[in-house]
Amino acid sequence: MLSSDTRPIGVFDSGIGGLTVLRELAVRFPQENFLYLGDTARLPYGSKSPSTIRKYSEQNIHFLEKQHVKAIVIACNTASSQLTEREFDGLPIYNVIEPGSQRALEKSSAKKIGVLGTRATVNSQAYRKKILELHPQAEVFDQACPLFVPLAEEGWDSDPVTNLIVFRYVSPLLGHSIDTLILGCTHYPILKSAISRVTGSAVELVDSGEAIAHWLDRDFTEGRLGKNASQDERTIEIMTTDHSAHFTEVAHRILTPLTPHSFRVVDL
Ligand code: DGL
């Protein structure tokens, strides 16, 4: 049994997308402190090369390490597709690819799984490889959706333009009779209603937040990660690498019903 560990859990993404993961984790673990880093100065990651994505991700990890976090959740599929380490300097690192693949296989009866992601994530084939490693008979159909991140960052979750673009990207996957669709980018849950209008209720959607929360839960229960047992009110702090009033506004919307305690700009 581990003693109380009040250190925060570090969570990072290129921008607002990882807030969908933070919300899920912060609701699921109401006692835990969280420190979120959105690398908004260098967004998007999804159109960058593997070596640049890896370099940015390592810098984010080193920065969070210096803030004395107890674990890091890579709340970015693009970064997760390039950085597969389970730990960094002894610090546990949670990557969203394996939890998402596992969750999709649990939900899918036909084992025909669609994957939506950034160009970098789809090009890495990280989901395809992981799903086939876990279930070699599965069929995987992927689709890069480079226009989704700017729509989500803009907060256009229910705009007619978004509906059209979602239809354009998602409808070809339905021709393969998929029964499960991985939202393989943490920005995409922001567009979830538009996506499910196209897929219909017969296709199960899997998002990174739900999948990774399950893994953290398991590690807390099995004692691999220490729980915060303090009676003090927990804190949720948000950091970005660029200043933007728009980010703050969209962040409040995504995080509802949670209220972050602070927003600040940091230098990595
Ligand atoms: N939210 C990130 C992901 O899960 C990437 C967005 C981007 O910067 O392109 O892939």
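Whatever order the structure lists them in is the order used to number ligands and atoms, beginning at 1.
Centroid-to-centroid, the aromatic rings of Tyr36 and Phe12 stay 6.0 Å apart or farther.
Grouping the Ile, Leu, Val, Met, Phe, Trp and Tyr side chains by contacts below 4.5 angstrom, directly or via other members, places Phe167 with Phe141.
Assignment of Cys76 to the shell around ligand 1 is supported, since a heavy atom sits closer than 4.0 Å.
Ligand 1 places these atoms under 4.0 Å from at least one heavy atom of Asp13: 1 (N), 2 (C). Applying the 4.0 Å criterion to heavy atoms of Asn77 picks out, from ligand 1, the atoms 3 (C), 4 (O), 10 (O). Remark: ligand 1 atoms within the under-4.0 Å shell around heavy atoms of Thr118 are 9 (O), 10 (O). Close approach of ligand 1 to Cys185 (heavy-atom distance below 4.0 Å) involves ligand atoms 1 (N), 2 (C), 3 (C), 4 (O), 5 (C), 10 (O). The distance from ligand 1 to the heavy atoms of Tyr45 drops below 4.0 Å at these ligand atoms: 7 (C), 8 (O), 9 (O).
Ring-plane geometry between Phe247 and Phe263 is classed as perpendicular, the angle between the planes exceeding 60 degrees on a 0 to 90 degree scale with a lower cut at 30.
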Derivation of the side-chain contact (heavy atoms from CB on, under 4.5 Å) call for His187 and Asp13 = CA-CA 9 Å; His187 280 73; Asp13 179 41; 3.4 Å; yes
Task: Verdict with reasoning, Tyr56 to Tyr45, per ring-ring contact (aromatic ring centres under 6.0 Å, His included) - done: CA-CA 9 Å; Tyr56 289 176; Tyr45 281 12; 5.5 Å; yes
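In terms of protein heavy atoms, atom 9 (O) of ligand 1 is closest to Gly46 N, 2.8 Å. Considering only non-hydrogen protein atoms, atom 6 (C) of ligand 1 sits nearest to Ser14 OG, 3.5 Å. Nearest protein heavy-atom neighbour of atom 1 (N) of ligand 1: His187 ND1, 2.8 Å. Shortest contact from atom 10 (O) of ligand 1 to any protein heavy atom: Thr78 OG1, 2.6 Å.
Side-chain contact between Val69 and Ile9 is absent, with no heavy-atom pair separated by less than 4.5 Å.
Between the side chains of Ser208 and Asn77, at least one donor-acceptor pair of N or O atoms lies under 3.5 Å.
With a 6.0 Å radius and a threshold of 12 heavy atoms from other residues, nucleotides or ligands, Arg42 has its CZ atom above the threshold.
The shortest N or O to N or O distance between Ser47 and ligand 1 is not under 3.5 Å.
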